[in-house]
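Remarks on the structure that follows.
Quick caveat: nothing in here was measured; it's all calculated off a predicted structure. In listed order, ligands and their atoms are each counted from 1.
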Amino acid sequence: MTGRLMIPGPVPLSESVAEAMAAPVQAHYGPAWVSIHNETLQLLQQAFVTEGDVFILVGSGSAGLDAAISSLLAPGDAALVGVNGYFGQRLAMIARAYGAHVVEVAAEWGEPLAADAFEDALQNNPSASVIVVTHIETSTGVLNPVRQIAQIANAHAVPIIVDAISSLGGVGFAMDEWGIDICVTASQKCLGGPAGLAPVAVGPQAWAAIEKRGNAGHGWYLNLQTWREFARSQKDWHPYPITMPTNAILALREGVRALLTEGIAHRIGRYKTLAGRLRSGLEYLGFRPLAADAHAAPVVTAAYSLPGVPSGRIVEFLERVHGLEIAGGGLGHLHDKIFRVGHMAPSIAERDIDDVLTALEDFKRQIGEA
Ligand SMILES: *Cc1c(COP(=O)(O)O)cnc(C)c1O
């Protein structure tokens, strides 16, 4: 049995998304399907706010990160990676796995990355091939200043990759205007789809950097050049290298359609209001949010447990007694100290937030703290 999902992805599926998942299976090629595929790409372009190329890689969000990072690196290249949480560490791991010399531009967990630190890192590593950062660091609920970091990257003409897996559709983002070269997201977070797809947007500067490097040693499946080649050479019939999971794509199309129909600005405003409601409720109950207001992510909130109470107990209690599935979390010094509430489902409403707060109040009563 699982409770109401309020974790930082996956999110519950809306009715129209679930219906798309259950639609009769269709072939993944031919004019009728290609037209659906292309429409989905156009909707995603609107969500990324880009005129660049969009590919729907088949794999979880990390597949998209793997493809993006490897496309801009050769063994021995320096990569500047923002690390202020678990997912920043993952970006560094991916870059290292491709033989890069990773320079971590770090901040405390719970604090945002500092744009200035990238300026310094570029002064010290003028030949860096790429900058990689998370937009929302989902492990701590911190929103990173990617727009400012991108400005610095652009000024030094170093390509920048943004992991917007938990942020696209949840917080303001404009790929082209901000000067982002590659942006990666995933189907199962703010876009409201099922897990398994990694939309990746690639801008012209990224292509220029990729072409300069050639195509040797980049593998095949998670190689952006493979995806572009098929998009061009098999444009009308089969513009991707593999069998596409057509139902998952139909479902993603529904999710992105719903976002655009509601309006990105409206959706983001709704998340923001609800995040504020959750944060003030948490503070009122004595659960201090990890991130300060100024850089709190609007779609996931991490908060400290009560002194001396392992946060795992809160997670267990909310599921067992209130049917609410939130997430634990915390590595290193945060281990079992924080819990995380995901509020990135497009369907998120006041009632969900209030139910979490009521359950937390009940938890305090049970342990005799209220
Ligand atoms: C969820 C998440 C990931 C991992 O995505 P998968 O789909 O599990 O591969 C990476 N980065 C961020 C910021 C995330 O929130």
Side-chain angles (χ1 to χ4, degrees), residues 5-13 44 47-48 55-70 81-97 106-107 109-113 131-146 149 160-171 173 175 180 182-201 221-222 245 248-249 251-252 255 271 275 290-291 295-302 325-331 338 340-346 348:
L5 267 191
M6 292 193 67
I7 60 176
V11 298
L13 304 183
L44 284 164
F48 283 113
F55 305 97
I56 304 174
L57 302 195
V58 180
S60 79
S62 301
L65 297 174
D66 200 302
I69 292 170
S70 64
V81 182
V83 180
N84 60 336
Y86 179 81
F87 289 107
Q89 286 183 338
R90 170 168 301 187
L91 300 176
M93 281 170 71
I94 294 172
R96 284 194 191 99
W109 290 42
E111 295 293 328
L113 298 170
I131 291 177
V132 197
V133 288
T134 57
H135 191 194
I136 288 176
E137 179 41 82
T138 316
S139 65
T140 59
V142 165
L143 180 62
N144 282 320
V146 297
I149 297 168
I160 177 166
I161 298 171
V162 172
D163 169 355
I165 290 178
S166 62
S167 64
L168 196 80
V171 66
F173 185 79
M175 174 162 165
I180 309 290
I182 304 186
C183 181
V184 177
T185 194
S187 44
Q188 79 275 18
K189 298 200 182 179
C190 303
L191 298 180
L197 299 174
V200 178
Y221 191 101
L222 294 181
I249 288 174
L252 174 64
Y271 282 130
L290 184 59
H295 42 256
V299 292
V300 53
T301 300
E325 197 170 339
I326 64 166
L331 294 172
I338 61 167
R340 295 174 303 145
V341 181
H343 33 98
M344 57 182 62
I348 190 79

Next item on the list: Could you walk me through whether M6 and I348 pass side-chain contact (heavy atoms from CB on, under 4.5 Å), step by step?
Entry: CA-CA 9 Å; M6 292 193 67; I348 190 79; 3.8 Å; yes
Next item on the list: Answer yes or no: is there a side-chain heavy-atom contact under 4.5 Å between F48 and I180?
Entry: no
Next item on the list: Enumerate the protein residues lying less than 4.0 Å from ligand 1, judged by heavy-atom distances, in chain and residue-number order.
Entry: S60, G61, S62, F87, R90, I136, T138, D163, I165, S166, Q188, K189
Distance-only criterion, 3.5 Å: show the donor-acceptor pairs between side-chain atoms of residues 137-146 and protein atoms not counting sequence neighbours.
residue : atom : partner : partner atom : Å
E137    : OE1  : F87     : N            : 3.2
E137    : OE1  : G88     : N            : 2.8
E137    : OE2  : F87     : N            : 3.2
E137    : OE2  : S139    : N            : 3.1
E137    : OE2  : S139    : OG           : 2.6
T138    : OG1  : S166    : OG           : 2.8
S139    : OG   : Y86     : N            : 3.0
T140    : OG1  : E137    : O            : 3.4
N144    : OD1  : N84     : ND2          : 2.9
N144    : OD1  : L113    : N            : 2.9
N144    : ND2  : N84     : OD1          : 3.3
N144    : ND2  : T134    : O            : 3.1
N144    : ND2  : T134    : OG1          : 3.1

Item checked: Side chain to side chain, I165 and L65, heavy atoms closer than 4.5 Å -> yes
Check: When you measure from the side chain of T185 to the backbone N and O of A164, does any donor-acceptor pair fall under 3.5 Å?
Finding: yes
Checklist line | Side-chain heavy-atom pair L5, V11 within 4.5 angstrom cut-off | finding: no
